[in-house]
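What follows is a set of notes on a single structure, which appears directly below.
In what follows, every chain begins at residue 1, and chains take the letters A, B, ... in the order their sequences are listed.
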Amino acid sequence: MANRVIPVLTILLAILAFWYAAAIWMNAPWQDRLNARADLIDVPFAEFAAQTWAQDKPVLPAPHQVVSEIWNATVALEITSRRSLAYHGWITLSATLLGFAFGTALGVALAVAIIHNDASDRSLMPWIIASQTIPILAIAPMVVVGLGSVGLTGLVPKALISMYLSFFPVVVGMVKGLRSPEAIQLDLLRTYDANGWQVFWKLRWPAAMPFLFASMKVGIAISLIGAVVAELSNASGGGLGVRLLTGSYNGQTVQIWAALFIAAGLAAILVAIVGSAEKWVNMRMGARA
Amino acid sequence: QDALTLQLKWVTQAQFAGYLVAESKGFYDEENLDVTILPGGPNIAPEQVIAGGGADIIVTWMAAGMAARESGVPLVNIAQPFKRSGLMMICPEETGITEVADFPGHTLGVWFFGNEYPFFAWMNKEGIPTDGSEGGVNVLQQSFDIQPMIQGQADCISVMTYNEYGQALDAGYGPDNLTIFNYTDMGNDLLEDGLYVMEDTLDDPAKVDAYTRFVKASMKGWAYALENPEEAAEIVVEMDDTGAAEYEHQLYMVGEVTKLVDAADPALDMDTYDRTVQALLDQEIITATPEGAYTSVVTDALK
Amino acid sequence: MNRTGLTAMQFALALLAGGAALLGLAFGFTSFGSAPQLTVFFALGAASLLRLALPFSLWLDGALMLFGAVALILALPEEGAMPAHFWWALVASWAFAWLFVERLSAAIRAGHLPETGTGLVIPVIFGLALLVAWEVITRGANVPPVLLPPPSAIWARMTAEVPTLWADFVQTFVKSVLPGYAIGCLAGLAVAIAVDRSPFLKAGVMPIGNFMSALPIIGIAPIMVMWFGFDWQSKAAVVVAMTFFPMLVNTVAGLNAASAIERDLMHTYAANNWQTLMKLRLPAAGPFIFNALKINSTLALIGAIVAEFFGTPIVGMGFRISTGVGRLAIDLVWAEIAVAAIAGSAFYGVIALIERGVTFWHPSVRGGRT
Amino acid sequence: MTSVVSAQNLGLTFPTGDGDIVALSDVNLTINKGDFVSFIGPSGCGKTTFLRTIADLEKPTSGTLSVNGMSPEEARKARAYGYVFQAAALYPWRTIEKNIALPLEIMGHSAAKQAERVKRTMELVNLSGFEKKYPWQLSGGMQQRASIARALSFDADLLLMDEPFGALDEIVRDHLNSELLKLWARTEKTICFVTHSIPEAVYLSTRIVVMSPRPGRVTDIIESTLPRDRPLDIRETPEFLAIAARVREGLRAGHSYEEGSV
Amino acid sequence: MTSVVSAQNLGLTFPTGDGDIVALSDVNLTINKGDFVSFIGPSGCGKTTFLRTIADLEKPTSGTLSVNGMSPEEARKARAYGYVFQAAALYPWRTIEKNIALPLEIMGHSAAKQAERVKRTMELVNLSGFEKKYPWQLSGGMQQRASIARALSFDADLLLMDEPFGALDEIVRDHLNSELLKLWARTEKTICFVTHSIPEAVYLSTRIVVMSPRPGRVTDIIESTLPRDRPLDIRETPEFLAIAARVREGLRAGHSYEEGSV
Ligand SMILES: Nc1ncnc2c1ncn2[C@@H]1O[C@H](COP(=O)(O)OP(=O)(O)OP(=O)(O)O)[C@@H](O)[C@H]1O
Ligand SMILES: Nc1ncnc2c1ncn2[C@@H]1O[C@H](COP(=O)(O)OP(=O)(O)OP(=O)(O)O)[C@@H](O)[C@H]1O
Ligand SMILES: [Mg+2]
Ligand SMILES: [Mg+2]
């Protein structure tokens, strides 16, 4: 354990040190202006550094500023408060989870169609790739408006955008996974005259499990990105994306960073949850420890 | 109760205090209206929302409304509570800009997304090219804050009196170290936050009646906000879903916005209207003088 | 299989196509003569039901699909909603397209038709069918063009605005995406190689790298604009940040892909680290590196466009898209989206081609499609 | 005697990118009930292909083939045979007993019957006690035996075995050879057995089919004169060595020293 | 005679999750220059481990081992040996000739010398004409020969070969066996050779080391009385069969029929 933790801590410390130094450097010009205006000259370096780490709207907030913003905006607030990042995190999380569920279902369905039908294999794959080259942020507002005009608002449009991003890794992974059984494993079932359904459930599906989980890990992280992007185009209802946006429009850099870190934490937790599900399934499937 | 949906032009803030107060204080209920207020944002075009049927009434700038009318969304102005523009361009004194003639060769920050028309109309009037050619200005798509000025990425930036200008004041800028170009004072203002509806709905007397009651209640809201700025600011903060609105800032904004709004008279001022249309035509933002782009049935009914 | 030589699915599609044509003929009877080409299509489509008795070439299905689509688009009314029986034409030609594609791929699989060439026809037909359906539904159901313009309007706008589109493409793709992509990928590769030398660094950097690659990196776009200014530099910086971690994670995984025995071999030659890296581990990492290059090719474009939403000089695909929505120039927005999709697909395609050339030896390239 | 497998002028050609490969050409062979037939021949001579054709995993391109008097496809659908592949091909996510139960599940046997059959065949291949283990927890030889158990579990009368003992060392191989002989003697199954080892072929078979490549064809069929009951040390008898020598001759004749044939 | 490999009380234990595995215990063995030593024994008895220890791919946990009078590490750095792995381990992105040239590149030979050596060793293993092919375009046997050529290309005096002919059929194996003997006779190399086949071990070796597992140890060392010059049919002589029988005895003694040993 220790030989895993120590390197990570070392690197984290290095990053922190670099960050504090960068904060001094990047916030210095503005601090100079402030000090000049307040007729403060020859500020000792230690004091100057402390000043740059305590600006209201710094170019680069110091780590402790971000941490205290996160603390103030989560633990220190009622969870139902609209200022609470926990509240906004929950909104984003629910869109993420719904979008992830849609995306995984769609991805698996497409993969099944692709491996079972030559025509869909040939016709779908290039367009699925092309679909991912469309800048999602560009169509997100139109999707929100379009769905709004047919009465779908709130969670669903966000979830659909997150689905649009997250189905892709699932299709790609599952097509690979469902095709991963070797010829000999398929031949074996043929000698038993197994039907298509049996081939799917007894061979292809279990063989695809590792691929499914690998792509779900990518997919859930991307789902979160999708939800954030959708919120950038739809300020109503809140969410971490909205906090990023309003933070950006009000020059509230500390707020931006805090929202980013909460999003990062969410992503890490979600990936970890999928990872433990994977471990559990692996155990049930008797994989090597 | 008649259900109406209002699409705001921007995020929930005191710029829309009248509507938010009217909703919060129950003025709409008194008029037997069930109003839903949808906040906007940087990627939401109210014109697109109303064209898709997502709203009944929108708040937008006349330039954007007229441009939309030409691209096939028949919007009609039914009321114009904002009489003046809050738009300004500010230049820190370090840039050495003191008058319009100093502009060429400098970088100016401009908001797009339908907010760029007044600027281009102004430059057009001054004869300053904006296409990057010799003797012209460089135009930058500016973020909705004052960072470009603080970081020196733009020499002059766009601000609203009631919003970003406040941020500039907070940051230690002020009239003594800024050159300020106020669009209204220069006579270059184009009509801002008006209320627009789809043309075909005006054929329905019941709808017109609902609009009339809506405008009436909204103006009551504006009047209330004018008299009780603190309470109005609190209401705005309370109604902001995102939790980003700060009381101090909203209080400042209420104070500034109420200078632009005439709470007693929502009618469209024809002089400003004509000037706006002319500027849009000059700038080729629209190609023909619009017909039927406004109606006074609503405001007349209130008289 | 049955007497018609069709599988159950093809048979169902054939019935659907012929049936829809028959219904179109029946419902369109009252307005006979208003759209002669459609009536002809309905008649021919209904006649295709004769396949129950006679052999019916798959090319006839292809011809019917094409004829139906063209007739339908020509017959679309300029104004107002589309007559109800037109919808049957859409259903019928869609079914013919599907049937054609099914039969075509069956023929390719059975070896009756060559893979190259005909294999390419299928995705093209799918794309065209999508465009036709889009055109017919937006125009036929009178979807407001400010919500979703028909492809014909988008195409008209594309051809009319070539200089603008080109300038935007240069600003976004050539100036922001390509340098950012190159820097991000190279940096990821270099750091991966450096990190790989030290187990300590690897143990420290990898969990953080994995964490970062799961981050919504898009969120840093406003920060980058704040740091690097409005021009392409900030966009390139976003692209660098977005492409760096996938490359790092994949390369590190790839450098471990060489099997123990392949490494032992190097050990028996007393090869030094550099030799082992160049002759074994980097080549073995090839497939992983290309995987990252492919992922990054789509990420890079999205990153640059998103960053342009937070401030730009007044050129660029993201700028045009965001201001286009504000001006309700939705057809221009879609024209930009089309350019982005084409550029992105081409970029992806080029990388995939290079991958085929460089990692020719990998089983996934040697056999079967990718 | 009834014929279980009967091939007349059987041919099979694989079309490939650079020209056709004639994997089988003009094969004539009849295998009767209770026969133990070994196939031997250099790599690529079509041994596996012939077994796969019997199993309806490949379609002949010429000639006729019947299995139990039916077409191979009908025979496969009637679950006429058990196939032991060259590799064990166990499913890694199933325990050994589940792997052995797989064909029974697919053929829809009741749980009780499955359990009973699995128990019996696991005893037969000497794997009792390893029911709950996963394939990777077993040595290569044990995996191979599990795959044999799987093929035996549903008690088909025809066994097709493709180098089942390839991965084992000589001692273990000897042991399994004699076990297989005992099973065959007890159950009267028909067995088609592919091997590279001449002693193994001679020791086990009633008939040895020698094949040769390019194109794959049968060059010799040797009837064994050894008694059915064969102790291990029969392999040092002159009779055994004579048959082995004949097989080696046949093999050497079919073997060209061109590179492609390795 | 100088000793090339000399092991005293050599032991090697692998620590694993569930207890240590003693792969080698108390191995005493001296291999002299020009010896051809075969290692034979059931799966898991430590043959590969012993070869890997000589090659400095594993570190002994007890006892001493010297190679050419040096420590194994020094010997490896001096490029004292060529190693043929159980699997061919060719790099798929290199052509056959590039694969064979790999050690020469690493050892910094000139291009001309590389070309000459590659040509010579490819001829030796009978692969001429396949220079520009990629590994997957060759049959398993040809790949195995390419890996032998690679080990020969830089002309080390000690060859460590781990079941090099495992994947080949009997005829090809016979052929390569005699080729290897010829090479050995011609070049006076020292060869350590792992095999599962008793006839192969007897046919090739001057000495046969019989090993047995759990823990891996040497149970018997049989000196061959066969002459150095060995035609293929020496394998039918009584002398040959006697040695083979003795090896089989030694092997059987070390072989327990518990499952784990399969
Ligand atoms: N699917 C295939 N496509 C093309 N050629 C094939 C295919 N399967 C086998 N062949 C070719 O058919 C010939 C016979 O192959 P087969 O596998 O039957 O040989 P084998 O006798 O079993 O050899 P081995 O002893 O190596 O198992 C070979 O030349 C092989 O290359
Ligand atoms: N890296 C390792 N970690 C743990 N145990 C190992 C390792 N390598 C080998 N062993 C164990 O050491 C023992 C000897 O293995 P080795 O590979 O030397 O056997 P072998 O005689 O070459 O067998 P085979 O004939 O199967 O090649 C085995 O029990 C094996 O499980
Ligand atoms: Mg075979
Ligand atoms: Mg070994």
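Panel note: side chain E/Trp184, backbone E/Gly34; a donor-acceptor pair is recorded below 3.5 Å. Not a single donor-acceptor pair under 3.5 Å links the side chain of E/Ser128 to the backbone N or O of E/Lys119. A donor-acceptor pair is defined here as one N or O able to donate and one able to accept, closer than 3.5 Å; such a pair exists between the side chain of E/Arg150 and the backbone of E/Ala88.
Only the backbone of E/Leu90 comes within less than 4.5 Å of a heavy atom in chain C; its side chain stays farther off. Proximity to chain E involves both the backbone and the side chain of C/Ala284, based on heavy atoms less than 4.5 angstrom apart. Using a 4.5 Å cut-off between heavy atoms, C/Gln275 contacts chain E through its side chain alone, with no backbone atom that close.
Ranked by non-hydrogen atom pairs under 4.5 Å with chain C, the options E/Tyr91, E/Tyr83, E/Phe154 are led by E/Tyr91. The choice from E/Arg52, E/Glu73, E/Lys77 that makes the most heavy-atom pairs within less than 4.5 Å of chain C is E/Arg52.
Qualifying side chain to side chain donor-acceptor pair (under 3.5 Å) partners for E/Lys189, counting only residues two or more places apart in sequence or in other chains: E/Asp155. For E/Phe193, the ring pair (Phe, Tyr, Trp, His ring centres under 6.0 Å) criterion is met by E/Phe36, E/Phe165, not counting sequence neighbours. E/Glu131 pairs by the side chain to side chain donor-acceptor pair (under 3.5 Å) definition with nothing, not counting sequence neighbours.
Against chain E, no residue from residues 186-205 of chain C qualifies, as none has a non-hydrogen atom under 4.5 angstrom away.
Looking only at side-chain heavy atoms (C-beta outward), C/Tyr269 and E/Leu102 come within less than 4.5 Å of each other.
The two residues E/Ala55 and E/Arg76 make their nearest non-hydrogen contact at O-CD, 3.7 Å.
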